A.B. asks: 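Here it is: the structure, laid out below.
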Amino acid sequence: MLDQVTNPSTSAPVATATSKLVVEGVSKWFRTPRATIHALDNVSMQVAAGEVVCVVGPSGCGKSSLLDIIAGLSKPDAGHVLADGLPVTGPGRQRLVVFQEPSLFPWLNVFGNVMFGLRLCPELSNGERREIAHQYLALVGLEKFEGAHVHELSGGMKQRVALARALAPDPQVLLMDEPFGALDAMTREHLYDDIQRIWSDSRKTVVFVTHNMREAACLGDRVLLMSKAPGRIVQHFEIPLPRPRSIYDVELIGHAGRVADALRGTIGGGVTE
Amino acid sequence: MRRFAIVSGFVVMLLVAWELASESGRWSPVLFPSVLSVARYLWGAMLDGTLSEAIRVTMQRLLVGYAIGVAIGLPLGVLTSSSQILEDTIGSLALGLQTLPSVCWVPFAVLWFGQTEGAMLFVVVMGTVWSVIIATNHGARTIPPIYARAARTMGSRGIHLWTMVMLPASLPFLVSGMKQGWAFAWRSLMAAEIFVTILTGFGLGQLLHYGRELNAMDQVIGAMVVIVLIGLLADRILFAPWERFLHRRWGTNVR
């Protein structure tokens, strides 16, 4: 099953040397007092520079654990992650994360939240930091809300600020953990447009975790499908559609449908443990 | 402005009721002095300096003891929150000693320190430190872990993580813990001053105590009024600004 995944045409053009991110043989177990849960099983994937890879799978399949490991927030029990060819040993600001939960700091206002990450960039002067913060808040369309307190923002606005906060220190890799999962459909669709525009400008390398097939087909250059726990990458899909994409595009829905069908096969007991 | 009018109206009503009750003649004026005689006492005590001296002595003991209690309690609370062993040892010790009414420390303090300022300080510190430890520990444990995770990805670690993320994230709990510590410090100091006569300073509690010795009800009630007013003022000055800040930033209703 795994060989079938790692060698075929999809990953062949992405040579290891040019890969921004390499995940190799990563396994993870969670030990609770009651039981040991096998969360990730020998997961390997590669992401080229500037590529957007979406990881989809049923809930509880270890997608978020995988993202945590790539971010360096937790350690794999087996295997390793390479960023720019160097092993990831801890979190670093070359790989910033947009979380699903609201992660903005309530003691800072919107501007202060974006400045937080910038203040940790020693190479910038204070003037440059302020200028960059203004620039990214304008990019996500919130320049009028710089002085607002976090609790005054709507859910969608909070995630825009979180996105600006992650983009501002100019990370090479952006990790997004179901960032729009808690938002309503209308807000999400707005964000798809914005995020495609931002990515086409910045050409970041992105790993985007979601359980929404259309979201994955809309945003990803490739979609990786994970099985339910223990999580394995069971299938690749190329999404060769031009950008910007609309989630109402018929072809896009076709791609999403293929992923969804494959997922149903996965859940329906196609993969034995 | 309207709220202020309501509050002052309420206070005036209380005073009038008190005055009417004392003038009705049903109770001896020795046991139930009129508003005016209490006010006369307070005015006189202010003029001859006993009241201001008592307030100064009490506030000095309170502030020094409270500062020591917080300075010990905050770091210990942070430590107990970060280690299960410290939680099980220092944490449960704090929990146990916090249930001990602080006036119970008075005999201990007098035997150890004699009738000195040291005994006063000791009682105040013991009254403060345990509740501050418990509140800080609880606060640090209930910070959503997402804040630290987000900060760590942005390169925050060590002292930066503690001072720029964990400390402000625990502000709501710190403020309520310090407020609780303040209330405990205030109560324990009054108990200590009433029970212990010391020659180095004559505080509000001692004023109250001698009022009883001299059968001077106007002094007893006058001292009580001052103690209440100081408690209210401290709350307005020390904690209300923090609570307003938290209310604005967190959007929680702290009031």
Side-chain angles (χ1 to χ4, degrees), chain A residues 64 67-74 88-110 112-124 147-153 158 161-171 173-177 179, chain B residues 74 77-78 81-82 84-85 87-88 135-136 138-179 239-255:
Chain A
S64 295
L67 210 70
D68 265 19
I69 290 169
I70 297 175
L73 285 169
S74 60
V88 169
T89 54
R93 58 184 178 81
Q94 284 315 324
R95 298 178 310 283
L96 289 188
V97 188
V98 181
F99 299 92
Q100 174 179 14
E101 319 154 61
S103 63
L104 297 180
F105 303 138
W107 58 92
L108 300 173
N109 63 16
V110 166
N113 266 283
V114 179
M115 284 293 280
F116 185 92
L118 290 167
R119 288 219 166 86
L120 287 157
C121 302
E123 69 278 10
L124 296 174
H149 301 310
V150 171
H151 71 90
E152 295 163 344
L153 304 179
K158 282 182 192 155
V161 178
L163 184 64
R165 183 173 74 171
L167 285 168
D170 196 25
V173 177
L174 200 59
L175 304 171
M176 307 189 68
D177 185 5
Chain B
L74 278 186
V78 169
S81 74
S82 55
Q84 193 58 46
I85 294 174
E87 156 88 8
D88 291 343
T136 313
H138 176 73
R141 277 178 189 275
T142 42
I143 301 170
I146 186 78
Y147 294 148
R149 280 157 53 84
R152 283 171 62 211
T153 61
M154 288 184 270
S156 171
R157 52 178 53 83
I159 291 180
H160 186 274
L161 186 65
W162 275 101
T163 56
M164 305 307 283
V165 181
M166 301 309 268
L167 187 68
S170 54
L171 260 187
F173 307 96
L174 285 187
V175 169
S176 65
M178 288 179 65
K179 197 173 171 180
F239 298 108
W242 284 103
E243 291 181 332
R244 271 202 300 278
F245 172 82
L246 294 176
H247 177 65
R248 268 208 322 273
R249 289 297 166 104
W250 267 255
T252 46
N253 209 345
V254 239
R255 275 181 193 281

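Quick note on labels: first sequence line is chain A, next is B, and so on, each numbered from 1. Bear in mind the structure is a predicted one, so any value in this text is a computation, not a measurement.
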A.B. asks: Which heavy atom of Thr153(B) sits nearest to which heavy atom of Val97(A), and what is that distance?
C.D. replies: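 Looks like CG2-CG2, 3.6 Å.
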A.B. asks: Give, for atom CD1 of Ile146(B) and atom CZ of Phe99(A), the distance between the pair rounded to the nearest 0.5 Å.
C.D. replies: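 Reported value, rounded in 0.5 Å steps: 4.5 Å.
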A.B. asks: Could you name each residue pair satisfying salt bridge (charged side-chain N to carboxylate O under 4.0 Å, His left out) that touches residues 93-104 of chain A, not counting sequence neighbours?
C.D. replies: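 Qualifying pairs: Arg93(A)-Glu123(A).
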A.B. asks: For atom CH2 of Trp162(B), decide whether the heavy atoms of other residues, nucleotides or ligands shown that lie under 6.0 angstrom number more than 12.
C.D. replies: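 Correct, the count exceeds 12.
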A.B. asks: Closest heavy-atom contact between His247(B) and His151(A)?
C.D. replies: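 Distance-wise, the nearest heavy atoms are O-NE2, 4.2 Å.
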A.B. asks: Against chain B, work out which of Pro171(A), Pro106(A), Gly92(A), Gly117(A) has the most heavy-atom pairs shorter than 4.5 Å and name it.
C.D. replies: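 Winner by heavy-atom pair count: Pro106(A).
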A.B. asks: Which heavy atom in Phe116(A) sits nearest to a heavy atom in Val165(B), and how many Å separate them?
C.D. replies: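 Scanning both residues completely, I find the closest heavy atoms to be CZ-CG2, 3.5 Å.
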A.B. asks: Which answer fits Leu118(A), side chain, backbone, both or neither, if we ask what part of it has an atom under 4.5 Å from a heavy atom of chain B?
C.D. replies: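 For Leu118(A), neither part sits under 4.5 Å from chain B.
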A.B. asks: Give me the contact list for residues 154-161 of chain B versus chain A, heavy atoms only, anything under 4.5 Å, ordered by residue number.
C.D. replies: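 Met154(B), Gly155(B), Ser156(B), Arg157(B), His160(B) fall under the 4.5 Å cut-off.
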A.B. asks: Which pair of non-hydrogen atoms, one from Trp107(A) and one from Phe245(B), has the smallest distance, and what is that distance?
C.D. replies: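 Distance-wise, the nearest heavy atoms are O-CZ, 4.3 Å.
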A.B. asks: Shorter than 4.5 Å, heavy atoms on both sides: which option in Val98(A), Asn109(A), Asp68(A) has the most such pairs with chain B?
C.D. replies: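 Top count of heavy-atom pairs under 4.5 Å with chain B: Asp68(A).
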A.B. asks: So for Leu175(A), is it side chain, backbone, both, or neither that comes closer than 4.5 Å to the heavy atoms of chain B?
C.D. replies: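 Answer is neither: Leu175(A) stays 4.5 Å or more from chain B.
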A.B. asks: Does some side-chain heavy atom of Phe105(A) sit less than 4.5 Å from a side-chain heavy atom of Met164(B)?
C.D. replies: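 Met164(B) vs Phe105(A): side chains apart.
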A.B. asks: Pick from Pro168(B), Ala150(B), Ala151(B): which one has the most heavy-atom pairs with chain A under 4.5 Å?
C.D. replies: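 That would be Pro168(B).
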